[in-house]
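This one's a predicted model, so the numbers in the text were calculated from it and none came from an experiment. What's counted below: heavy atoms across the whole structure, side chains too, no hydrogens, waters or symmetry copies.
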Amino acid sequence: CAQYSLRYENANILQLQVSESISKSLELLMAEESLTGIAAFNCPVCGVEAEGVKTLHFAEAPQLLFVQLMRFFQIDGQVVKKSSRVLCSSKITINVKSDGNQTVEPCSYTLTSIVSHLGSFSGGHYTFQGRCQNSGKIFMCDDLRVEELKFFEDRHAYFLVYSKGA
């Protein structure tokens with residue numbers, strides 16, 4: 001029937017698959033997904049089950065972009081952690097496609113903080129790295145110790161915050 005479905009969701013946190021970089025993980029999230037077989041689209045207008053394509057677009061550019069890396073998953077009932085490094089670019093761009101507008105507007109974001117997880121699902125330790133808004137310096141907080149870093153350390157990144165245009 002050539003019908004399409006449009007649904008808006010507020011996404012405060014982007015949950016991304018672990019890949020070699022945040023940019024690649026965003027590409028995977030935004031990639032077209034074929035809806036075939038058991039995943040076929042059930043049209044609410046005509047009731048027919050048909051093949052289709054699912055896509056994701058940003059309708060607005062939030063001031064803060066929260067990113068959670070999906071590091072924990074189950075294998076044979078056991079929770080395991082994917083510990084591979086993800087390159088956390090200091091700058092990323094998302095494309096914003098407003099409602100009814102086919103024009104795509106790029107929106108730039110700057111990395112402002114990283115929460116890292118060291119350890120496993122059953123036990124671990126969290127650290128925080130953040131960029132000072134005034135000086136631009138990066139600091140790492142680890143329990144009782146705070147130290148200045150030359151750059152973000154992303155080896156164990158778990159949760160990231162990007163700020164629009166910063």
Side-chain angles (χ1 to χ4, degrees), residues 6-33 53-75 78-166:
L6 184 61
R7 183 176 73 187
Y8 289 97
E9 294 181 11
N10 285 332
N12 295 334
I13 301 173
L14 296 179
Q15 295 181 324
L16 301 181
Q17 298 301 317
V18 172
S19 70
E20 63 267 17
S21 70
I22 291 294
S23 297
K24 179 66 176 174
S25 296
L26 276 168
E27 282 177 32
L28 293 170
L29 177 70
M30 305 297 284
E32 288 188 349
E33 179 184 343
V53 176
K54 176 179 160 184
T55 58
L56 174 69
H57 300 283
F58 288 93
E60 292 179 20
Q63 188 62 39
L64 295 174
L65 193 61
F66 299 97
V67 175
Q68 178 187 7
L69 293 170
M70 304 303 293
R71 291 198 175 273
F72 297 99
F73 56 97
Q74 281 195 347
I75 296 179
Q78 296 291 319
V79 177
V80 293
K81 179 181 177 185
K82 189 167 188 176
S83 296
S84 55
R85 181 176 184 249
V86 176
L87 177 63
C88 301
S89 308
S90 61
K91 295 215 179 271
I92 60 170
T93 300
I94 64 167
N95 291 321
V96 179
K97 192 174 183 179
S98 300
D99 181 31
N101 186 352
Q102 294 303 312
T103 306
V104 174
E105 300 275 336
C107 184
S108 297
Y109 287 84
T110 300
L111 182 61
T112 58
S113 59
I114 296 178
V115 174
S116 296
H117 179 268
L118 295 88
S120 66
F121 177 73
S122 60
H125 178 70
Y126 291 94
T127 62
F128 173 81
Q129 300 167 59
R131 182 183 311 274
C132 178
Q133 208 170 18
N134 296 333
S135 68
K137 293 179 180 180
I138 299 169
F139 293 93
M140 198 255 302
C141 305
D142 183 4
D143 290 342
L144 301 176
R145 160 177 84 101
V146 175
E147 67 180 89
E148 186 177 344
L149 303 174
K150 294 197 184 310
F151 51 84
F152 282 107
E153 296 174 0
D154 56 8
R155 174 73 179 112
H156 302 284
Y158 180 56
F159 194 85
L160 303 95
V161 179
Y162 284 89
S163 186
K164 183 177 171 184

Counting only pairs under 3.5 Å, give me each side-chain donor-acceptor contact of residues 15-22, with atom names and distances, residues two or more places apart or in other chains.
residue	atom	partner	partner atom	Å
Gln15	NE2	Gln68	OE1	3.1
Ser19	OG	Ser21	O	3.1
Ser19	OG	Ser25	N	3.2
Ser19	OG	Ser25	OG	2.8
Ser21	OG	Lys24	N	3.0

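- Residues Leu14 and Phe58 form a side-chain contact, since some pair of their non-hydrogen atoms from C-beta on lies under 4.5 Å apart.
- Rounding to the nearest 0.5 angstrom, the gap separating the CG atom in Leu64 from the OH atom in Tyr162 is 13.0 Å.
- Just one residue in the list Ser116, Cys88, Ser113 forms a side chain to side chain contact (heavy atoms under 4.5 Å, CB included) with Gln129, and that residue is Ser116.
- Taken to the nearest 0.5 Å, the CG atom of Leu160 stands 8.5 Å off from the CG atom of Asp154.
- Annotation for Glu147: atom CD counts as buried by contact number, over 12 foreign heavy atoms lying within 6.0 Å.
- With hydrogens and angles ignored, the 3.5 Å screen pairs a side-chain donor or acceptor of Arg71 with a backbone N or O of Lys82.
- Atom-to-atom distance recorded for Lys137:NZ and Leu149:CG is 12.5 Å, nearest 0.5 angstrom.
- The two atoms that bring Ala157 and Leu69 nearest to each other are O-CD1, 3.4 Å, heavy atoms only.
- Atom CD1 of residue Ile94 and atom NZ of residue Lys164 lie 8.5 Å apart, to the nearest 0.5 angstrom.
- Considering OG1 of Thr110 and CG of Leu65, their distance stands at 11.5 Å, rounded to 0.5 Å.
- With contacts defined as side-chain heavy-atom distances shorter than 4.5 Å, the pair Tyr109/Ser89 does not qualify.
- A 6.0 Å sphere centred on CD of Glu32 holds no more than 12 heavy atoms belonging to other residues, nucleotides or ligands.
- Judged as a ring-ring contact (aromatic ring centres under 6.0 Å, His included), the pairs with a partner in residues 120-152 (not counting sequence neighbours) are, in order, Phe72-Phe121, His117-Tyr126.
- When all heavy atoms of Pro106 and Asn95 are compared, the pair lying nearest together is CA-OD1, 3.7 Å.
- How far CZ of Arg155 is from CD1 of Ile114: 13.0 Å, rounded to the nearest 0.5 Å.
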